[in-house]
Every structure is written in structure tokens, then in C-alpha cells.
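Being a predicted model, the structure only gives us computed values, none of them experimental. Proteins come first, then strands; the chains are lettered A, B, ... in the order of their sequence lines, and each starts at number 1.
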Amino acid sequence: GNSVTQMEGPVTLSEEAFLTINCTYTATGYPSLFWYVQYPGEGLQLLLKATKADDKGSNKGFEATYRKETTSFHLEKGSVQVSDSAVYFCALSGGTSYGKLTFGQGTILTVHP
Amino acid sequence: GAVVSQHPSWVICKSGTSVKIECRSLDFQATTMFWYRQFPKQSLMLMATSNEGSKATYEQGVEKDKFLINHASLTLSTLTVTSAHPEDSSFYICSARDGGSRTDTQYFGPGTRLTVL
């Protein structure tokens with residue numbers, strides 16, 4: 001079946017630091033890949049997505065590239081802000097479970113001024 | 001963008017009572033809605049998939065008689081936690097897939113915090 005593995009957190013950074021959150025997946029076929037963000041006390045918001053190999057999703061300065069050869073979808077941001085503090089979830093849809101999202105365990109990011 | 005609402009945003013109830021949570025897609029028709037449960041500092045656990053006009057499909061280990069799901073229209077799905085107990089306290093989140101979209105993107109509601117005393 002499908003599975004998603006994220007780097008364990010929590011991740012603590014200073015403002016303007018570079019961010020990488022690793023995400024690897026296991027799936028058959030050609031899944032779609034997503035990053036969701038959850039701010040404290042809120043539901044999940046779609047941050048970015050990629051639907052095929054070599055696609056790059058980007059939004060709000062965050063980027064992730066769909067790498068089929070390494071089955072990865074790492075999230076990056078060149079300069080984080082305090083407002084980026086949240087929980088980030090990598091997810092996939094498709095493969096053996098069309099339509100259902102399989103989530104990674106989530107990574108807590110805290111950015112200090 | 002696509003908006004999904006949930007009501008109530010939080011609820012406190014006594015043990016043994018039933019609680020209904022509503023999930024609405026506000027600006028699109030959702031042929032499929034999903035219900036998740038999230039424990040503190042943990043990932044989302046899919047409970048069930050709800051298709052408009054048909055019975056929900058529950059994930060393994062989820063009691064369908066405990067968590068009643070109804071998807072009566074293309075914009076509304078409800079989750080009823082029957083005879084709630086303290087162990088049912090959790091954050092319940094719904095999501096909806098836009099039936100008119102070619103993508104499989106899910107849009108999430110803001111969640112409902114359930115506390116059972």
C-alpha cells in the first residue's frame with residue numbers, strides 16, 4: 001500500500017534561515033503529491049502540489065519538486081519567517097488508493113525572531 | 001478558492017450523549033467527502049469516505065455504528081458520534097473533493113474540537 005515518511009521534528013530555526021523538510025513516499029503507479037500546512041488551532045490548508053514527475057509545486061516562497069527516481073518530495077524555503085511556524089504534512093493521493101490521501105506524520109516547525 | 005466549513009468549531013458534551021458535526025462545501029459540489037480524526041501532535045487518520053447518495057466506506061478499525069456518516073447532498077456531509085465517551089475526544093476534520101475538477105485535490109474544513117466529559 002501507499003505510505004509517506006517525513007523527517008521527524010520538531011524543527012527550530014531562526015528567521016531568514018533556509019528550510020528543508022524531507023519527504024519520501026512509497027506508491028505504485030503515478031501518485032499526486034501534496035504539502036499541507038496546519039496553523040495552531042486550525043484545519044489543514046493546501047500549500048502546494050505536484051501531479052507528475054519533475055513537476056515543481058510552489059506557493060508563498062515554498063517549493064517542492066516531484067522526484068520519481070528518488071521517490072521524494074522535499075519541501076524547501078529559502079528564508080523562513082516567524083509566521084511560517086506551523087505543522088507541515090506531506091501527503092500523496094493515487095497509486096493503490098485513488099482519491100484517498102495518505103499523510104506523513106507531520107513536522108512541527110518553529111521559527112524564532 | 002474552494003471553501004469547506006465545519007460546524008460547530010468546538011463542542012463539549014456529557015458522556016453517553018450524541019454529537020453531530022456538519023461539513024459543507026460552500027462554493028463547489030463535493031461528490032466525495034472524507035472524515036479524519038487527529039490526536040494531539042499526531043497525523044490525520046482517515047475514518048471514512050462519504051459519497052453523495054450512498055453509504056460511507058469506513059476504514060479498518062472504525063466502528064460504523066459509533067460514527068454515523070450521512071452525505072445527503074452534494075454540499076453537506078454529517079458525522080454523528082453516538083453515545084460519546086471520553087476516549088472519543090479528538091479533533092475531527094472533514095475534507096471535500098471538487099466533483100467538477102479534474103484534479104484530486106482535497107479541501108479541508110477548519111476542524112471540530114470534541115471534548116467528552
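- Across all their heavy atoms, Gly104(A) and Ser43(B) have their closest contact at O-OG, 2.6 Å.
- Within a 6.0 Å radius of NZ in Lys66(B), more than 12 heavy atoms belonging to other residues, nucleotides or ligands are found.
- Heavy-atom neighbours of Glu16(A) CD from other residues, nucleotides or ligands within 6.0 Å: at or below the threshold of 12.
- Within the 4.5 angstrom heavy-atom criterion, atoms from both the backbone and the side chain of Leu44(A) approach chain B.
- Leu92(A) is connected to Val37(A) through a chain of hydrophobic side-chain contacts under 4.5 Å among Ile, Leu, Val, Met, Phe, Trp and Tyr, so both are in one cluster.
- In terms of heavy atoms, Lys100(A) sits closest to Glu59(B) at NZ-OE2, 2.8 Å.
- Hydrophobic cluster membership of Val19(B), counting Ile, Leu, Val, Met, Phe, Trp and Tyr whose side-chain heavy atoms lie under 4.5 Å apart directly or via other members: Val11(B), Ile21(B), Trp35(B), Met45(B), Met47(B), Tyr58(B), Val62(B), Phe67(B), Ile69(B), Leu79(B), Val81(B), Tyr92(B), Leu114(B), Val116(B).
- Of the two parts of Gln38(A), only the side chain, counted from C-beta on, holds a non-hydrogen atom closer than 4.5 Å to a non-hydrogen atom of chain B.
- For a residue to count as touching a neighbouring chain, one of its non-hydrogen atoms must lie under 4.5 Å from one of that chain's; by this rule Gln6(B) does not touch chain A.
- At a threshold of 4.5 Å between non-hydrogen side-chain atoms, the residues Phe89(A) and Leu44(B) count as touching.
- Tracing side-chain contacts under 4.5 Å through hydrophobic residues (I, L, V, M, F, W, Y), one reaches Leu46(A) starting from Leu46(B); they form part of the same cluster.
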